[in-house]
Colleague: 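This is the structure I have questions about; it appears just below.
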2 protein chains.
Amino acid sequence: MNQTYSINTLSRDFEITPRALRFYEDKGILSPERRGTTRIYSERDRTRLKLTLRGKRLGLKLEECREIIDMYDPSQSDDSLQLLRLCEKIREHRASLLTKIKDIEETMRAMDDVEGKCLGKLLKNAA
Amino acid sequence: MNQTYSINTLSRDFEITPRALRFYEDKGILSPERRGTTRIYSERDRTRLKLTLRGKRLGLKLEECREIIDMYDPSQSDDSLQLLRLCEKIREHRASLLTKIKDIEETMRAMDDVEGKCLGKLLKNAA
DNA sequence: TCTATAGTTTACGTTAACGTCAACTTTTTG
DNA sequence: CAAAAAGTTGACGTTAACGTAAACTATAGA
């Protein structure tokens, strides 16, 4: 356990460049330890990276990814105010995700429509 | 019918700047007519703009938005090869949307989890 | 021990998607 | 008809997210 990863291993695993990993570190998303000068990524780094890339696929900025990942980090304080703020953030985030789902659904419908017409024409052509 | 829109009207309607509209034109997404030197946007432009913004919300680049919107434009040729290519494109696009849905679902689950813990702590605090 | 191999830090370059003037022209309206 | 409002074309600036090249350093295997 306590698996660790080199920068090259990790970059290969996720099909990104080492440069990107260093960049994410610069942005405060990852914080690998060092053995001498060499970066050692932990399982936590790996998880945060995974979440980051997921966020990116959904069109989030790195900064937004970091914010969200930090919030969801199991280091929640016990302060009620902070907790309420977290709930509010979650509410907002959920809303934006619901919008995205709507967008996707509408796009899907349009695609089905176009595909239908497309297949219709192909059938005609084949006849 | 045959509604038309000025650049300011359209920008207000969609809450974007006139600059953005001109930029989209530059990128070949919109192609408003001109009355003299002034841009006149048609219903078609409006639709394409709507689709563009939807694409953006899903994290697509403007270039990708244009590609997709152009494909789905009701100006489909009758060439079987072209039609098959369109079908293929649709398949790819659908796949990427499905990935996004997966991403959203996983994110939702994580959020529910965090929210649960959050509310739990709040309850404790209130007790 | 010598040389690949892996890794590091600067630091400048690039692309996307506009923002932000500046300097005019055109149109609308009191 | 004069002044405000709306619109236009450059053209340079900006931010995000890395790419890329240079110039080293550290380490590991033959």
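Quick note on labels: first sequence line is chain A, next is B, and so on, each numbered from 1.
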Colleague: So how far is it from B:Asp73 CG to B:Leu51 CG, rounded to the nearest 0.5 Å?
Modeller: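 Going from CG on B:Asp73 over to CG on B:Leu51, the span is 9.5 Å.
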Colleague: Would you mind telling me which residue lines up with the more 5' stretch of DNA chain C, B:Gly36 or B:Leu60, judged by nearest nucleotide?
Modeller: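 Of the two residues, B:Leu60 wins.
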Colleague: So if I take every side-chain heavy atom of A:Phe23 and compare against C:dC18, D:dT8, D:dC18, which nucleotide ends up nearest?
Modeller: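 That would be D:dC18.
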Colleague: Roughly how many Å is it from CZ in B:Arg19 to C1' in C:dA17, rounded to a whole number?
Modeller: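 After rounding, the reported distance stands at 9 Å.
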Colleague: Tell me the interatomic distance from B:Ile40, atom CD1, to C:dT27, atom P, rounded to whole angstroms.
Modeller: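 About 10 Å, once rounded to whole Å.
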Colleague: Looking only at side-chain atoms of B:Arg34, point me to the closest of D:dT8, D:dC18, C:dT9.
Modeller: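 The closest nucleotide is D:dT8.
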Colleague: May I have the distance from B:Leu30 (atom CG) to C:dA17 (atom C1'), rounded to whole angstrom?
Modeller: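 So the CG-C1' distance, B:Leu30 to C:dA17, works out to 14 Å.
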Colleague: With heavy atoms under 4.0 Å as the rule, sort A:Arg35 into base, sugar-phosphate or nothing.
Modeller: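 No contact.
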Colleague: For the pair made of CZ in A:Arg22 and P in D:dA17, what is the distance, rounded to whole Å?
Modeller: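 Distance, rounded to whole Å: 19 Å.
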Colleague: In terms of side-chain heavy atoms of A:Thr38, which of C:dC18, D:dT8, C:dT8 is nearest?
Modeller: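 Among C:dC18, D:dT8, C:dT8, the one nearest the side chain of A:Thr38 is C:dT8.
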Colleague: Considering all heavy atoms of both residues, which atom of B:Leu83 and which atom of A:Cys118 are nearest to each other, and what is their separation?
Modeller: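 Scanning both residues, the minimum pair turns out to be O-SG, 3.2 Å.
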Colleague: Please figure out whether B:Lys61 or A:Ile7 has its closest DNA chain C nucleotide nearer the 5' end.
Modeller: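 Result: A:Ile7.
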Colleague: Given C:dT26, is OP1 or OP2 found less than 4.0 Å from the side-chain N or O atoms of B:Thr37?
Modeller: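 No, because none of the side-chain N or O atoms of B:Thr37 sits under 4.0 Å from OP1 or OP2 of C:dT26.
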Colleague: Among D:dC18, D:dT9, D:dA16, find the nucleotide with the atom closest to the side chain of A:Tyr24.
Modeller: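 So the nucleotide nearest the side chain must be D:dC18.
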Colleague: Grab the CG-C1' distance between A:Leu49 and D:dA17 for me, whole Å please.
Modeller: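 Taking atom C1' of D:dA17 as the reference, CG of A:Leu49 is at 14 Å.
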Colleague: On a heavy-atom basis, which atom in A:Ile7 and which in A:Leu21 lie closest, and how many Å separate them?
Modeller: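 Reported closest heavy-atom pair: O-CD1, 3.4 Å.
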Colleague: To the nearest angstrom, how far is B:Lys27 atom NZ from C:dA17 atom P?
Modeller: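 Rounded to the whole Å, the gap is 7 Å.
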Colleague: I want to verify a distance call: between D:dC18, C:dA16, C:dC18, whose nearest atom is closest to the A:Ala20 side chain?
Modeller: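 Out of D:dC18, C:dA16, C:dC18, the nucleotide with an atom closest to A:Ala20's side chain is D:dC18.
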Colleague: A:Asp26 has an atom CG; how far is it from atom C1' of C:dA11, in whole Å?
Modeller: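 Taking atom C1' of C:dA11 as the reference, CG of A:Asp26 is at 13 Å.
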Colleague: Minimum heavy-atom separation for B:Lys56 and B:Cys65, please, with both atom names.
Modeller: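 So the minimum-distance heavy-atom pair works out to N-SG, 4.0 Å.
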Colleague: Nearest to the side chain of B:Lys56, heavy atoms from C-beta on, is which of C:dT8, C:dA17, D:dC18?
Modeller: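 Nucleotide nearest to B:Lys56's side chain: C:dA17.
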Colleague: Using whole Å, what does the distance between atom C1' of nucleotide C:dC18 and atom CD1 of B:Ile29 come to?
Modeller: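 B:Ile29 atom CD1 is separated from C:dC18 atom C1' by 12 Å.
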Colleague: Can you tell me how far CG of A:Leu30 sits from CZ of A:Arg44, rounded to the nearest 0.5 angstrom?
Modeller: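 If I round to the nearest 0.5 Å, the distance is 9.5 Å.
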Colleague: State which of D:dC18, C:dC18, D:dT8 makes the closest approach to the side chain of B:Arg39.
Modeller: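 Side chain of B:Arg39 sits closest to D:dT8.
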